Protein chains: 2
Amino acid sequence: MKDEFICKENCPHYKIISQVKLTCPNGNAIIDLADMFKIFADSTRLKIICAILKQELCVCDISELLNLNQTTVSHQLKVLRDSKLVKYRREGKQIFYSLKDEHVIQIISAGLSHISEEEEK
Amino acid sequence: MKDEFICKENCPHYKIISQVKLTCPNGNAIIDLADMFKIFADSTRLKIICAILKQELCVCDISELLNLNQTTVSHQLKVLRDSKLVKYRREGKQIFYSLKDEHVIQIISAGLSHISEEEEK
DNA sequence: GTAACATATGCATATATATGCATATGAGAT
DNA sequence: ATCTCATATGCATATATATGCATATGTTAC
């Protein structure tokens, strides 16, 4: 990628750019943030999250409720476990999942309020 | 997908399930929400968003600042335009992009506060 | 008009990932 | 120990999407 032909002298506003560089989150934080949003970027996972938003449910309940294959639910629950968004407890043969903290609710409601405002326009 | 062999009589907690069905966002809202989070789920787009968080920048500035190919930046700006998260204005040959509203900042800071709390643990 | 520049877009490709089948694991009941 | 049930996991596959090259579009200057 040659940078000579890209508006080197004319265009870039160097003073602004150096200011922005200071205030931007650093590269790792950005990647962590993107990884976190990836978790919410799948409708199946979002449905699961919403299902356990207010109470714990076992895997089978979630499958039944959302009309999803048990395998699919387990796969996505693993993703949610790995990203530490859910906790779980065993009770006999069943495993009950629930949300780990309140941040999830904040993130989702921030998203929902954006969506709903878009619809008004 | 046969539903007979899935814990039909033993497991599902039908009363809870019917309650949850009432409180869950409906399918379309979930899909819209997932689509919105998809936008934030890519580090290149997040970088671009952060770059224009506080002031407008032209495409060339963004490429320069983030050390990204101009084509890549244009592609991702198109995604952001299509999802109505950014606005833009032309000034001569250059086009300046900026954020469209405050929701973006709320969503990102909700995400950031989750990230930073995770690190403390 | 043409040349130069800033940005956008079509196409091809590489990479990620969501899903489902088959099967493994782990727990209770007999 | 064996059977059944609830859940998890390995593997294969289909789909989505991020990127870059080549090129098109739109603007200014001459």
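Please read these numbers as outputs of a predicted model, since none were measured by experiment. To find a chain, count down the sequence lines: A is the first, B the second, and so on, and within it residues start at 1.
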In whole angstroms, how far is the C1' atom of C:dC5 from the CG atom of B:D61? 15 Å
OP1 or OP2 of D:dC21 under 4.0 Å from side-chain N/O of B:N69: yes
What integer distance in Å separates A:I62:CD1 from D:dA6:P? 14 Å
The nucleotide from C:dG26, D:dT28, D:dC21 with an atom nearest the side chain of B:K93 is D:dT28
Between A:R90 (CZ) and D:dC5 (P), how many Å, whole number? 16 Å
Out of D:dC11, C:dA22, D:dG20, minimum distance to the side chain of A:T71 belongs to C:dA22
Backbone N/O of A:L65 and side chain of B:K21: donor-acceptor pair under 3.5 Å: no
Would you tell me if any nitrogen or oxygen in the side chain of B:Y97 comes within less than 4.0 Å of OP1 or OP2 on C:dA8? yes
Is the NZ or CZ atom of A:R90 positioned over A:F96's six-membered ring, under 6.0 angstrom from the centre and within 45° of the axis? no
Whole-Å distance, B:Q76 CD to D:dT17 C1', equals 9 Å
Strictly below 4.0 Å: does B:S74 bring a side-chain N or O up to OP1 or OP2 of C:dT7? no
Rounded to the Å, how far apart are B:L80 CG and C:dT9 P? 13 Å
N/O (side chain, A:R81) to phosphate O (OP1/OP2, D:dT9) under 4.0 Å: yes
For a quick test of reading the model: is some side-chain N or O of A:R45 closer than 4.0 Å to OP1 or OP2 of C:dA18? yes
Honestly, is B:R81 close enough over B:Y88, meaning NZ or CZ under 6.0 Å from the six-membered ring centre and within 45° of the axis? yes
Rounded to the nearest Å, what distance is computed from the NZ atom of residue A:K38 to the P atom of nucleotide D:dA18? 9 Å
Flag, side chain of B:S113 to backbone of B:A110, donor-acceptor distance under 3.5 Å: yes
Side chain of A:T44 - closest among C:dA8, C:dT19, D:dT9: C:dT19
Distance in angstrom units between A:E91 CD and D:dT7 P, rounded: 11 Å
Contacts of B:H75 and A:S43 projected onto DNA chain C by closest heavy atom; the upstream (5') one is B:H75
Using atom OH of A:Y88 as one end and atom P of C:dT25 as the other, report the distance to the nearest whole Å. 17 Å
On a heavy-atom basis, the closest approach of B:F40 and B:L46 is O-CG, 3.3 Å
Is B:Q70 close enough to D:dC21 that one of its side-chain N or O atoms is under 4.0 Å from OP1 or OP2 there? no
